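Just so you know, these numbers come straight off a predicted model, no measurement behind them. Heavy-atom basis, side chains included; hydrogens, waters and symmetry copies ignored. Naming: A, B, ... by sequence-line order, numbering from 1 per chain.
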Protein chains: 2
Amino acid sequence: MSETALRKDSQDGEEAVEPKTLVEAAYHRLRKDIIEGNLKPGEKLRVEHLKNHYDVGAGTLREALQLLMTDALVVAQGQRGFNVAPISLSDFEDITRTRVLIECEALRQSIARGTDEWEGAVMAAFHRLSRAEERLDWKVGSSREEWEARNKTFHEVLISACPSRWIRHFQQLLYRQSERYRRISMHTSPIPRDVHAEHVKLCEASVARDADRACAVLTEHIIRTLDAIRTLPPSLIEGDPAKLAKVARTRARVLETE
Amino acid sequence: MSETALRKDSQDGEEAVEPKTLVEAAYHRLRKDIIEGNLKPGEKLRVEHLKNHYDVGAGTLREALQLLMTDALVVAQGQRGFNVAPISLSDFEDITRTRVLIECEALRQSIARGTDEWEGAVMAAFHRLSRAEERLDWKVGSSREEWEARNKTFHEVLISACPSRWIRHFQQLLYRQSERYRRISMHTSPIPRDVHAEHVKLCEASVARDADRACAVLTEHIIRTLDAIRTLPPSLIEGDPAKLAKVARTRARVLETE
DNA sequence: CAATCTTAAAATCTCGAGAAAAAGTCTTGA
DNA sequence: TCAAGACTTTTTCTCGAGATTTTAAGATTG
């Protein structure tokens, strides 16, 4: 159904289980399109058009949409259908701050209760991430996707020893949200940070069981993405209602004629 | 749709807006029944039977169920339908600990950024809660419900000055979860704590802008409910699958013949 | 020209029926 | 007595069509 920590099929590190139902499949495809920006923030999601594009019935698509509300990637109001959740700088600031709170707590718990096996998993994930970072070319999509996946895995493994299901659930929610913003910064931001150095320090501090230092590094790490977004032109981030409506209209026509 | 902080219709303190659609109505009724325990934890939710009871179509009920997954009150797996989210002592411990983290952060932010108007609202909510506590009789349902509502409002107002939508969202999620457990302790627990004294201290510290003390009191306050649950016989809390299946069966028949 | 009312179009919401899957039941055999 | 397999029943999942509401456009009036 979803890989959220509160649900049962969540122990996969990299890839989720096979969707068993059309609703799940549509849910995953929609989520991907929203996070990757194929469906723009604030855009109206017309069931009539989308059902053709995703090859499912109207009711099925509606259910997938309802499911996406769980991740706060889709919003709905009364009798006026669904919209992609809008984005804004203030929202991203909120997400970032809250993520610092949640993820640091998760890391603290993980460091406190992690076993040797956990340390090994951290080292392994770090190593795989390092390899991906070595051959990372921002202009090549596949390379970027590989890094993205391994980065996610690394952060997940770091807090995998956190025993709290709710903390992990919130972490996933916020990470997924921030993914949307990171996409924007990756496509446009010209300042390549030394993420590798940050990962090194984070890995070291964690395995050394220095919770305070690890959290400090992690906080820095998370906040830097916020700074990268802050330098972007506001037009990319702000959800101008008029512009969004136009985008939604044109997009709908495109999907219609496909 | 729901009063979650992330959605738009959330500024009502006491009662939500009128449901504009059948899905919303079914969602609210189902949520009420789950929180109040009319639908037992772990119980199977058969669409075929429930749609009669709630007087909606099958698809409509399915959508309401999907929506309830947002609040983690309903779980679903693959092709095997929906279940009420099970409960357990360890889950409640997790909820409580996470709630302490979230709610303290919310209170800190609220105390830091609250205006005089906020102080006034806190005093007002506290006063109304005190009145309800004066005439609180645990054996009278209406009195208990009044207290429950005002208690919720008081805690909501306390953190209403917290500017973070996500923190407020998580707070509502966790509060709603804990409501299920509190119901159990209220119906059976014989140890009436002096909640009023706790509320007094909490209110005083908050208005005095003493964040550290307020959080300490709040932490105590939240954890005490956990202690109350801990004294209960495990049978009330544990979700025995076999027993639950039986309960589900009989309950389904009851609904069917109604 | 702006504002309001009327009319037409599009989109949402809702329902019931049919296909696919799971669970339950019964028979058969060791 | 227990286990395995085939059959039946129940339940879930999916789809398309009709009713209701929102949105857009056009006409009318001050």
Ignoring backbone atoms, test whether A:His49 places a side-chain nitrogen or oxygen under 4.0 Å from the OP1 or OP2 oxygen of C:dA11. yes

Sort out for me which residue in A:Arg180, A:Lys44, A:Lys40 forms a side chain to side chain contact (heavy atoms under 4.5 Å, CB included) with A:Val84. A:Arg180

B:Arg46 has its side chain closest, among D:dT23, C:dT12, D:dT12, to D:dT12

Nearest to the side chain of A:Val47, heavy atoms from C-beta on, is which of C:dC13, C:dT12, D:dT14? C:dT12

Partners meeting side chain to side chain contact (heavy atoms under 4.5 Å, CB included) with B:Glu179 (sequence neighbours left out): B:Ile35, B:Glu148, B:Lys152, B:Tyr175, B:Arg176, B:Arg182

Using atom CD of A:Glu24 as one end and atom P of C:dA21 as the other, report the distance to the nearest whole Å. 14 Å

Of all residues at least two apart in sequence or in a different chain, which pass the side chain to side chain donor-acceptor pair (under 3.5 Å) check with B:Thr96? none

DNA chain D: 5'-proximal contact among A:Arg80 and B:Leu45 (nearest heavy atom): B:Leu45

Please name all residues satisfying salt bridge (charged side-chain N to carboxylate O under 4.0 Å, His left out) with B:Lys32, sequence neighbours left out, ordered by chain then number. B:Glu36

Got a sec, which residues hit side chain to side chain donor-acceptor pair (under 3.5 Å) with B:Gln177, two or more places apart in sequence or on another chain? none

Under 3.5 Å between N/O atoms: give me all the protein pairs with nucleotides 16-20 of chain C, atom names plus distance.
none

Just the rounded figure in Å: distance from C1' of C:dT14 to CD of B:Glu63. 9 Å

Could you state the CD-C1' distance from B:Gln77 to D:dC13, rounded to the nearest angstrom? 15 Å

Go through the structure and list residues passing ring-ring contact (aromatic ring centres under 6.0 Å, His included) with B:Phe92, not counting sequence neighbours. B:Tyr181

B:Leu61 has an atom CG; how far is it from atom P of D:dT11, in whole Å? 14 Å

Under a 4.0 Å threshold between the charged nitrogen and the carboxylate oxygen, would A:Glu146 count as salt-bridged to A:Arg150? yes

Return the value, rounded to whole Å, for the distance between atom CG of B:Leu22 and atom P of D:dT21. 11 Å

It should be established whether A:Thr21 places a side-chain nitrogen or oxygen under 4.0 Å from OP1 or OP2 of nucleotide D:dT12. no

Would you say A:Arg62 places a side-chain N or O within less than 4.0 Å of OP1 or OP2 belonging to C:dC13? yes

OP1, OP2 of D:dC13 versus side-chain N and O of A:Thr60: anything below 4.0 Å? no

Find the distance B:Phe82:CZ to C:dA21:P and express it as a whole number of Å. 18 Å

Given atom CG of A:Leu65 and atom P of C:dT12, what is their separation to the nearest angstrom? 9 Å

Figure out the CG/C1' separation between A:Leu50 and C:dA10, and round it to whole Å. 15 Å

